[in-house]
Amino acid sequence: MQTAIKQQLQAALAQRRAQQRCRQLTTMTALNATEILFQGQRYLSFSSNDYLGLSHHPQVLDALRNAELAGSKASPLVTGYSAAHADLAAQLSHDLQRDRVLLFSSAFAANTGALATLGGYYDALWLDRLSHASLISGARQSGTATRRFPHQNFKQLQDRHLKSSSAQLVVVESVYSMDGDELDHAGFRQMIAAPQVDGYIDDAHGFGVTGEAGLGCCAVYSQTTLPLVSLAFGKATGVAGGALAVSEDVADYLINFCPEFIYSTAMPASQARAIQAAINVMQSAEGEQLRSRLRESIAQFQEGCAALQLPVSPSDHAIQTLLVGSDEAAVKYSERLRAAGIWCSAIRPPTVPEGSARLRITLTAAHSHAQINELIQALAVVREQA
């Protein structure tokens, strides 16, 4: 690499380090659904998106081990689409009451591909201020004017910007990943009722834990009302990958024009089988018990923090937020928790807005009553040390 370019890269990294925002890879071992091993030390983890603990479920692991093929060997349109992929897509299409479901290697690829490919047909794309990076990336690639509106402020968006008769797409999330607040469904539903407005929901953090049988936003919106939904299989489902739930014509268009679908190697067949096994558990009586246990854990955490006056943001989702403010303080909170045997990552800008560095705490159905109490007490001690 040219010296001048290397110097610019090094300067950018040096600035990140000075701000205490430099990211780095951390190699760890998952011991079970709630504990990890890092450099020989065992930690109680509250930084996983495995909300139902399905990443360690016997049925999911058996499906992964017993799949007929390890990898897909090609893109879906060459020879990479196997019976495992077709079975998963067909089940999701039936359960979500959508014409088609297209599988992607990641939820990031699904969001980016969908908005980059379809966004050009709209006159404007409107994204919530707290939209995920994948949504922003796809919208920008579409070439259509992309605007951000204040978080969940649908009234302002409707009153000021959606009076035009031109085609508009409003992009939101069912649950926002850094705050754990759920979509204002009433406001969103009213807005997309306008004939010139279509809606797109990224259901990454809702699928599996919200809606009837964990079916997320597809349980409350028909395909006619909500034409575009993206899913993530690395959250409550406990595996990896993503999908788009769409109508027949949109699916055919994406198959022919979406680069992320056409040119990417399909997810491994073993992965598709594991996802299907996780979805079967998710929709079973056991899945409902897991969601009930998760709700109990959330209530216990919120009540425990309130009793100790810990400034945790209100949230009915597994994602819980302790706003700290400065980057330095967030890092110190995380380090002190780690010294107490608890792994809870500090989240800093640019992932979150300036001045809103935080601990992003994620609860799971696998966490015990005692483990959550341990976290609450540790947070109280760390706050006293601040």
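What you see below is based on every heavy atom in this structure, not just the backbone, and it leaves out hydrogens, waters and symmetry mates. Residue numbers count from 1 along this sequence.
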With no hydrogens and no angle check, is any side-chain donor or acceptor of [X] less than 3.5 Å from a backbone partner on [Y]?
{"X": "Asp128", "Y": "Gln152", "value": "yes"}
{"X": "Gln141", "Y": "Thr112", "value": "no"}
{"X": "Ser334", "Y": "Cys344", "value": "yes"}
{"X": "Ser82", "Y": "Ala84", "value": "yes"}
{"X": "Thr364", "Y": "Thr362", "value": "no"}
{"X": "Ser230", "Y": "Asn111", "value": "no"}
{"X": "Arg348", "Y": "Ser356", "value": "no"}
{"X": "Thr146", "Y": "Leu125", "value": "no"}
{"X": "Thr321", "Y": "Met178", "value": "yes"}
{"X": "Ser93", "Y": "Ala90", "value": "no"}

_Using the ring centroid of each side chain, check whether Trp343 and Phe38 are separated by less than 6.0 Å._
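Here the rings of Phe38 and Trp343 have centres that are less than 6.0 Å from each other.
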*asked:* Taking the ring of His205 and the ring of Tyr176, is the distance between their centroids below 6.0 Å?
replied: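 Aromatic pair excluded; centres sit 6.0 Å or further apart.
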Whether over 12 other heavy atoms sit under 6.0 Å from [X] [atom1]:
{"X": "Glu212", "atom1": "CD", "answer": "no"}
{"X": "Gln190", "atom1": "CD", "answer": "no"}
{"X": "Gln97", "atom1": "CD", "answer": "no"}
{"X": "Arg140", "atom1": "CZ", "answer": "no"}

Between the side chains of [X] and [Y], is a donor N or O closer than 3.5 angstrom to an acceptor N or O?
{"X": "Thr351", "Y": "Arg358", "value": "no"}
{"X": "Ser222", "Y": "Thr225", "value": "yes"}
{"X": "Asp95", "Y": "Gln283", "value": "yes"}
{"X": "Asn280", "Y": "Gln91", "value": "yes"}

Once rounded to the nearest 0.5 Å, what's the spacing between atom [atom1] of [X] and atom [atom2] of [Y]?
{"X": "Asn153", "Y": "Asp184", "atom1": "CG", "atom2": "CG", "answer": "9.5 Å"}
{"X": "Met191", "Y": "Gln158", "atom1": "CE", "atom2": "CD", "answer": "7.0 Å"}
{"X": "Thr27", "Y": "Leu37", "atom1": "OG1", "atom2": "CG", "answer": "11.5 Å"}
{"X": "Phe207", "Y": "Cys218", "atom1": "CZ", "atom2": "SG", "answer": "8.0 Å"}
{"X": "Ile347", "Y": "Leu322", "atom1": "CD1", "atom2": "CG", "answer": "12.5 Å"}

Between [Y] and [X], is there a side-chain heavy-atom distance shorter than 4.5 Å?
{"X": "Leu244", "Y": "Val250", "result": "no"}
{"X": "Leu363", "Y": "Phe46", "result": "yes"}
{"X": "Asp202", "Y": "Ser174", "result": "no"}
{"X": "Val101", "Y": "Leu88", "result": "no"}
{"X": "Cys217", "Y": "Val229", "result": "yes"}
{"X": "Tyr43", "Y": "Leu31", "result": "no"}
{"X": "Trp126", "Y": "Val171", "result": "no"}
{"X": "Gln41", "Y": "Arg338", "result": "no"}

Using a 3.5 Å cut-off and no angle test, enumerate the donor-acceptor pairs between side-chain atoms of residues 3-16 and protein atoms at least two apart in sequence or in another chain.
| residue | atom | partner | partner atom | Å |
| --- | --- | --- | --- | --- |
| Gln8 | NE2 | Ala4 | O | 3.4 |

How close do [X] and [Y] get, counting heavy atoms only, and between which atoms?
{"X": "Ile275", "Y": "Met267", "answer": "CD1-SD, 3.8 Å"}
{"X": "Ala366", "Y": "Ala33", "answer": "CB-CB, 3.6 Å"}
{"X": "Leu96", "Y": "Ala245", "answer": "CD1-CB, 4.2 Å"}
{"X": "Ser264", "Y": "Pro76", "answer": "O-CD, 3.3 Å"}
{"X": "Val172", "Y": "Phe149", "answer": "CG1-CZ, 4.2 Å"}
{"X": "Thr117", "Y": "Pro259", "answer": "OG1-CD, 3.9 Å"}

Name all residues meeting the side chain to side chain donor-acceptor pair (under 3.5 Å) criterion together with [X]; count only those two or more places apart in sequence or in a different chain, and write none if there are none.
{"X": "Tyr81", "answer": "none"}
{"X": "Thr34", "answer": "Asn32, Gln371"}
{"X": "Asp87", "answer": "Arg273"}
{"X": "Asp50", "answer": "Ser55"}

*Geometric class of the Tyr221/His185 ring pair [parallel <30°, tilted 30-60°, perpendicular >60°]*: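 Rings of His185 and Tyr221: tilted, as their planes differ by 30° to 60°.
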Run the ring pair (Phe, Tyr, Trp, His ring centres under 6.0 Å) test against [X] and tell me which residues pass, sequence neighbours left out.
{"X": "His369", "result": "none"}
{"X": "His56", "result": "none"}
{"X": "Phe261", "result": "Phe104"}

_Hydrophobic cluster membership, Val352 vs Leu127, 4.5 Å side-chain cutoff_ =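 Cluster IDs for Val352 and Leu127 differ.
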*Quick one: side chain to side chain donor-acceptor pair (under 3.5 Å) pairs with a partner in residues 248-259, sequence neighbours left out?*
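Every pair satisfying side chain to side chain donor-acceptor pair (under 3.5 Å) with a residue in residues 248-259: Arg100-Glu248, Arg100-Asp252, Tyr121-Tyr253, Ser247-Asp249.
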*Ion pair present between Glu288 and Arg295, side-chain N to carboxylate O less than 4.0 angstrom?*
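Answer for the salt bridge query: yes.
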*salt bridge (charged side-chain N to carboxylate O under 4.0 Å, His left out) assessment of Arg360 paired with Asp179*: CA-CA 8 Å; Arg360 180 183 182 272; Asp179 292 273; over 6 Å; no
_Under the salt bridge (Lys or Arg N to Asp or Glu O under 4.0 Å) test, residues paired with Asp327 that sit two or more places apart_ =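 Asp327: salt bridge (Lys or Arg N to Asp or Glu O under 4.0 Å) contacts with Arg21.
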_List the residues meeting salt bridge (Lys or Arg N to Asp or Glu O under 4.0 Å) with Glu303, not counting sequence neighbours, and say none if there are none._
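With neighbours one apart ignored, the set is empty.
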Enumerate, atom names and distances included, each donor-acceptor pair closer than 3.5 Å involving a side-chain atom of residues 308-316, sequence neighbours excluded.
| residue | atom | partner | partner atom | Å |
| --- | --- | --- | --- | --- |
| Ser315 | OG | Gly180 | O | 3.1 |
| Ser315 | OG | His317 | N | 3.1 |
| Ser315 | OG | Ile319 | O | 2.9 |

*Check the pair Gln168 / Ser166 against side-chain hydrogen bond (donor to acceptor under 3.5 Å, both in side chains), numbers first and verdict last.*
CA-CA 6 Å; Gln168 320 259 331; Ser166 60; 3.0 Å; yes
